[in-house]
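Sequence lines set the chain letters: A, B, ... in the order given, protein chains first and strands last, and positions in each chain run from 1.
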Protein chains: 2
Amino acid sequence: MRKVPGSTVSRLSVYLRLLDDSGTQGVATVSSVELARRAGTTAAQVRKDLSFFGTFGKRGRGYSVAELSAALRSILGLERGWRVALVGAGQIGRALLGYEDFRRRGFVIEAVFDADPRKVGQRCNGLEVQAAERLEVVLAGGIDIAILAVPVAAAQQVAERVVSTGVRAILNFAPVPLRLPADVALKTVNMALELESLSYALASAPSARAARREE
Amino acid sequence: MRKVPGSTVSRLSVYLRLLDDSGTQGVATVSSVELARRAGTTAAQVRKDLSFFGTFGKRGRGYSVAELSAALRSILGLERGWRVALVGAGQIGRALLGYEDFRRRGFVIEAVFDADPRKVGQRCNGLEVQAAERLEVVLAGGIDIAILAVPVAAAQQVAERVVSTGVRAILNFAPVPLRLPADVALKTVNMALELESLSYALASAPSARAARREE
DNA sequence: AACTGTGAAAACTTTCACAGCC
DNA sequence: GGCTGTGAAAGTTTTCACAGTT
C-alpha cells in the first residue's frame with residue numbers, strides 16, 4: 001500500500017462520523033459529492049482518500065452507507081476496543097474521563113493516575129485515581145493508548161515512563177513537543193496553539209470589527 | 001507578503017513557547033539548530049518559517065531570545081489581549097475556563113453561556129453562567145473569539161449565531177465540521193479524531209504488543 | 001445519466017545547499 | 001568558523017479531468 005497521508009486518515013474519521021449520523025437516518029447510499037459537502041472538502045478528495053485503501057463504491061450509484069461505514073471502521077482499527085489509561089487527573093484529565101465520545105468509539109479508559117497524593121484514592125467517573133508510582137505495573141498489563149494530561153514540566157518524563165512499559169500510542173495534552181522513538185504514535189492536542197492561530201488570523205487580516213477597535 | 005502556510009503559524013507558536021522557557025533561564029541567543037531540536041523540526045524549517053516575516057537573526061550568532069520572542073508575539077497578534085467568550089459550560093467548557101495557559105497568553109474569557117437553565121446563574125471560575133439567549137447582545141459588545149464547547153447537534157446553529165454578532169474567530173470543540181463564511185477564522189479541536197488516528201497507527205503497524213495480543 | 005476510480009497536472013510544503021555576513 | 005537567509009530541488013498533497021461501470 002502506498003504511504004497514506006495523515007490528513008487522509010483524519011478525514012476518514014470525519015467521514016465515518018458523518019456516515020454514522022446519516023446511517024441512523026436510514027439513508028442507504030451516499031455520493032462523494034454529498035460526503036464532501038458535509039465534511040467540508042471536495043468530492044475528488046473523498047474519492048482519493050478512499051482509493052488508498054481499495055474500492056468501496058459503485059459507479060453510477062455512490063457508496064453504501066453501511067458498507068463504507070464498516071470499511072472505515074476496519075481501516076481505522078475501530079472494530080476492537082482499545083484499552084486506554086489517563087495520566088493526570090487535573091481539570092482537563094477529569095473532563096476527558098467524562099467524555100462520552102471516547103467510550104462511544106471503543107476507547108475505554110481503564111485506569112487514572114495522578115502524582116498528587118490528595119487526589120489518589122478519589123473516585124472519578126467510577127475509577128479510583130491511582131498513585132503515579134503504579135504507572136509502570138498497570139500499563140504493562142496491556143494498556144494500548146496513554147492519554148497525557150499532566151503539567152508541561154512533567155510531560156517528557158512521564159511520556160518516557162509510559163513508553164518504557166511498551167505502550168506505543170500517546171495522546172498528549174501538554175503544550176510541549178515530546179521527543180519519543182519513531183515507533184511510538186504520538187498526537188498532541190495543543191489548545192493554546194490553536195487560539196494563537198486564531199489570533200494570527202485576526203491580527204493579519206483584520207475584520208471590520210478589529211479595524212474599528214484599532215482606531 | 002507571500003501566503004504563509006498554516007503549519008508555519010503553528011510552529012511559530014511552538015517556537016515562542018520554547019523561547020519563553022529559555023528566556024526565563026537567562027539565555028541570550030539561540031541558533032536555528034537549537035530551536036529546531038527543541039521544537040522537533042529541522043533548522044532549515046525554522047529559518048524558512050521566520051523568513052516569511054522578515055530577518056530576525058544575526059549571521060554567525062543566531063537569534064536574540066528577547067528580540068525573537070517579541071517579534072513572534074507581534075506576528076501572532078499576542079501583544080494585545082483578546083476578548084473571549086465561552087459557549088457551553090459542560091465538562092469540557094468548565095475545564096477550559098480554568099485553563100491557565102489561555103489567560104497566560106492574553107486570552108481572557110469574559111463571558112460563559114449555557115442553554116441549560118439549571119446551569120444559568122451558577123458561578124464558574126468567577127464568572128456567572130449566562131442564558132444562551134444573551135449570546136447575541138453580549139458578543140456584539142466586542143468579543144473577538146468564541147470558544148464552542150456545545151453538543152454536536154447544536155454546534156452549527158450556535159456557530160451561525162456567533163458569526164451573526166460579528167465575531168470572526170471560533171475555536172470549536174464539537175466533533176463536527178462547521179460550515180462558515182470564508183472570512184471567519186475557524187479551528188476545530190477534535191479529540192476523538194486524534195484518538196482514531198492513533199488507533200489507525202496501532203492497527204496498521206502493529207507493535208510487538210499488539211501482535212502478541214492478536215495471537 | 002450518474003457517479004466512481006485514478007493517472008497526470010498543479011499547488012503547496014519541506015529540504016537542500018550555498019552565498020553572504022558576523 | 002559559525003550561522004543566517006534564500007533560491008532551487010525534492011517531496012507531498014490536492015485538484016483536475018476523463019475513462020470506465022452500473
Side-chain angles (χ1 to χ4, degrees), chain A residues 1-15 18-19 22 27-72 75 177 182 197 200, chain B residues 1-15 18-19 22 27-72 75 177 182 193 197 200-201:
Chain A
M1 192 190 302
R2 279 170 291 180
K3 201 182 130 282
V4 180
S7 49
T8 287
V9 176
S10 293
R11 283 189 299 264
L12 295 185
S13 286
V14 173
Y15 304 154
L18 296 172
L19 289 172
S22 74
V27 179
T29 65
V30 67
S31 69
S32 57
V33 172
E34 171 65 7
L35 210 42
R37 192 186 58 75
R38 296 211 269 153
T41 181
T42 66
Q45 183 79 78
V46 170
R47 298 198 299 273
K48 181 65 87 179
D49 284 340
L50 297 175
S51 78
F52 284 105
F53 300 96
T55 97
F56 304 100
K58 299 253 192 306
R59 291 175 196 233
R61 313 214 169 212
Y63 303 88
S64 151
V65 170
E67 282 173 24
L68 185 55
S69 171
L72 290 176
I75 291 166
S197 291
Y200 171 80
Chain B
M1 191 190 303
R2 277 171 291 179
K3 202 184 130 280
V4 180
S7 49
T8 286
V9 176
S10 294
R11 282 189 300 264
L12 295 185
S13 286
V14 173
Y15 304 155
L18 296 172
L19 289 172
S22 74
V27 179
T29 65
V30 67
S31 69
S32 56
V33 171
E34 171 65 6
L35 210 42
R37 191 185 58 74
R38 296 211 270 152
T41 181
T42 66
Q45 183 78 79
V46 170
R47 298 199 301 272
K48 180 65 86 179
D49 285 339
L50 297 175
S51 77
F52 284 105
F53 299 96
T55 96
F56 303 100
K58 300 255 190 307
R59 292 174 196 234
R61 312 212 170 211
Y63 303 88
S64 151
V65 169
E67 282 172 25
L68 185 54
S69 172
L72 290 177
I75 292 166
L193 181 150
S197 291
Y200 171 79

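Atom P of nucleotide C:dT4 and atom CZ of A:Phe52 are separated by 17 Å, given to the nearest angstrom. Atom CD in A:Gln45 sits about 16 Å away from atom P in D:dA17, given to the nearest Å. Rounded to an integer number of Å, the gap from B:Lys3 NZ to C:dA11 C1' is 10 Å. Whole-Å rounding puts the A:Tyr63 OH to C:dG5 P distance at 4 Å. In this structure, B:Phe56 atom CZ and D:dT6 atom P are separated by 11 Å, rounded to whole Å. Between the C1' atom of D:dT14 and the CG atom of A:Asp49 lies a distance of 10 Å, rounded to the nearest Å. Atom-to-atom, CZ of A:Phe53 to P of C:dG5 comes out at 14 Å; the value is rounded to the nearest Å. Here D:dG5 presents its C1' atom at 14 Å from CG of B:Leu68, a figure rounded to the nearest Å.
In this structure, B:Arg61 reaches the sugar-phosphate backbone alone: every heavy-atom distance under 4.0 Å involves primed, P, OP1 or OP2 atoms, never a base.
Between B:Thr42 and the phosphate of C:dT15, there is a side-chain N or O to OP1/OP2 separation shorter than 4.0 Å. In terms of phosphate contacts, B:Ser51 brings no side-chain nitrogen or oxygen within less than 4.0 Å of OP1 or OP2 of D:dT4. Look at B:Thr55 and you'll find a side-chain N or O under 4.0 angstrom from OP1 or OP2 of D:dG5. Not one side-chain nitrogen or oxygen of B:Ser7 sits closer than 4.0 Å to the OP1 or OP2 atom of C:dT13. Contact annotation: A:Ser31 side-chain N/O to C:dC3 OP1/OP2 distance is not under 4.0 Å.
Judged by distance alone, the side chain of A:Ser51 and the main-chain N or O of A:Lys48 form a donor-acceptor pair under 3.5 Å.
Comparing B:Arg11 and A:Arg59 by the nucleotide of DNA chain C that holds the closest heavy atom to each, the one mapping nearer the 5' end is A:Arg59. Along DNA chain C, the nucleotide closest to A:Lys48 and the one closest to B:Thr41 are compared, and the more 5′ of them pairs with A:Lys48. Residues A:Gly60 and B:Val30 each lie close to DNA chain D; by heavy-atom proximity, the contact nearer the 5' end of the strand is made by B:Val30.
Side-chain atoms of A:Val14 and A:Thr41, non-hydrogen and from C-beta on, never get closer than 4.5 Å to each other. Side chains of B:Tyr15 and B:Leu68 form no contact here, defined as non-hydrogen atoms less than 4.5 Å apart. Here the side chains of B:Val33 and B:Arg37 are not in contact, with every heavy-atom distance at 4.5 Å or above. Taking the side chain as every heavy atom from C-beta outward, A:Val9 and A:Ile75 never approach each other to under 4.5 Å.
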